Amino acid sequence: MTDFAPNHPDPFRAPQFYASVPSKRLIAWIIDTCITVLVSALIVPFTAFTAIFFFPFLMLVIGIAYRTLTIGASSATWGMRMMSIELRDARGERFDFSQALVHTLGYSLSMAFFLIQIVSIAMMLGSARGQSLTDMAIGSVMINRA
């Protein structure tokens with residue numbers, strides 16, 4: 001079988017890199033969502049509680065900032081680190097800030113449209129590398145950390 005991503009570990013020759021990654025991504029997403037909700041809730045009193053009226057937008061901004069900064073710093077959010085997984089770019093290297101921003105915007109876009117998110121989840125569960133729609137678009141993968 002031809003490997004179309006020569007800079008990523010082959011899922012058939014080195015399956016340990018992708019073992020349980022979809023389930024770990026789900027748990028990491030739950031952790032990251034809890035962190036985003038908590039930080040957003042902590043900000044509300046500092047806005048004289050007016051942020052309650054635009055709480056979903058506040059969560060979106062906090063979520064984008066959190067994901068971009070943490071992925072840009074270590075190629076993983078805090079939830080991903082807890083689950084021992086990380087993102088790698090098309091060259092097989094860790095993400096930088098701009099790649100983290102692009103990945104986060106792709107993730108946010110897929111979360112905004114239910115059907116796109118369903119397709120993304122199906123791709124994570126059905127592809128050999130467990131890539132989401134955003135991962136496929138930019139050539140990244142989520143792997144187990146060494």
Side-chain angles (χ1 to χ4, degrees), residues 1-44 46-47 51 54-146:
M1 174 173 249
T2 304
D3 191 6
F4 293 105
N7 296 319
H8 297 151
D10 185 294
F12 303 106
R13 292 188 187 115
Q16 68 274 16
F17 284 101
Y18 304 101
S20 302
V21 168
S23 58
K24 289 180 178 184
R25 281 181 98 147
L26 174 62
I27 296 168
W29 178 81
I30 292 168
I31 293 167
D32 293 332
T33 301
C34 290
I35 291 169
T36 302
V37 170
L38 179 64
V39 171
S40 299
L42 290 172
I43 289 173
V44 169
F46 294 102
T47 66
F54 56 90
F55 194 73
F57 180 72
L58 176 64
M59 278 192 49
L60 175 67
V61 171
I62 297 299
I64 288 173
Y66 164 73
R67 290 182 63 82
T68 301
L69 293 173
T70 56
I71 292 172
S74 66
S75 211
T77 63
W78 292 343
M80 292 174 196
R81 286 184 225 170
M82 287 181 196
M83 298 311 301
S84 296
I85 54 178
E86 66 184 4
L87 286 160
R88 293 298 176 115
D89 68 10
R91 296 182 312 264
E93 298 172 6
R94 291 179 174 220
F95 275 38
D96 60 22
F97 180 80
S98 62
Q99 292 167 321
L101 180 61
V102 169
H103 192 277
T104 299
L105 292 175
Y107 160 79
S108 298
L109 182 65
S110 71
M111 290 298 286
F113 297 98
F114 182 74
L115 186 57
I116 294 174
Q117 186 58 24
I118 294 301
V119 169
S120 189
I121 290 168
M123 290 175 70
M124 281 187 265
L125 295 173
S127 66
R129 288 187 169 84
Q131 293 171 290
S132 69
L133 189 58
T134 301
D135 292 330
M136 292 290 277
I138 66 173
S140 62
V141 294
M142 181 80 68
I143 60 171
N144 287 309
R145 291 172 61 169

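What you see is a predicted model, and the numbers here were worked out from it, not measured in a lab.
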Heavy-atom check, side chain of [X] versus side chain of [Y], under 4.5 Å:
X	Y	value
M80	M142	yes
W29	M111	yes
L58	I43	yes
R129	M136	no
I138	F95	yes
D89	D96	no
M59	S40	yes
F97	L69	yes

Under a 3.5 Å cutoff, is there a donor and acceptor pairing between the side chains of S74 and R81? yes
Are D32 and T77 close enough that a side-chain donor and a side-chain acceptor fall under 3.5 Å? yes
For atom CZ of F54, is the number of surrounding heavy atoms from other residues, nucleotides or ligands below 6.0 Å larger than 12? yes
Report, as yes or no, whether the 6.0 Å neighbourhood of atom CZ on F55 holds more than 12 heavy atoms from other residues, nucleotides or ligands.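 Yes, CZ of F55 has more than 12 neighbouring heavy atoms, counting only those of other groups under 6.0 Å.
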Quick check for you: to the nearest 0.5 Å, what is the distance between L38 atom CG and L42 atom CG?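 Here the rounded value is 4.5 Å.
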Y18/N144 under side chain to side chain contact (heavy atoms under 4.5 Å, CB included): CA gap, chis, key distance, verdict: CA-CA 6 Å; Y18 304 101; N144 287 309; 5.8 Å; no
With R67, which residues qualify under side chain to side chain donor-acceptor pair (under 3.5 Å), at least two apart? none
Partners meeting side chain to side chain donor-acceptor pair (under 3.5 Å) with T70 (sequence neighbours left out): none
When you look at V21 and I143, which way does the side chain to side chain contact (heavy atoms under 4.5 Å, CB included) test go after all the steps? CA-CA 7 Å; V21 168; I143 60 171; 5.7 Å; no
Begin with the C-alpha distance, continue with both residues' side-chain angles, and end with the deciding distance and a verdict on side chain to side chain contact (heavy atoms under 4.5 Å, CB included) for Q99 and S140. CA-CA 10 Å; Q99 292 167 321; S140 62; over 6 Å; no
Main-chain N/O of G139 paired to H8 side chain as donor or acceptor, under 3.5 Å: yes
Is any side-chain N of the basic residue among D135 and R88 closer than 4.0 Å to the acidic one's carboxylate O? no
Could you tell me whether E86 and R94 have a side-chain N and a carboxylate O separated by less than 4.0 Å? yes
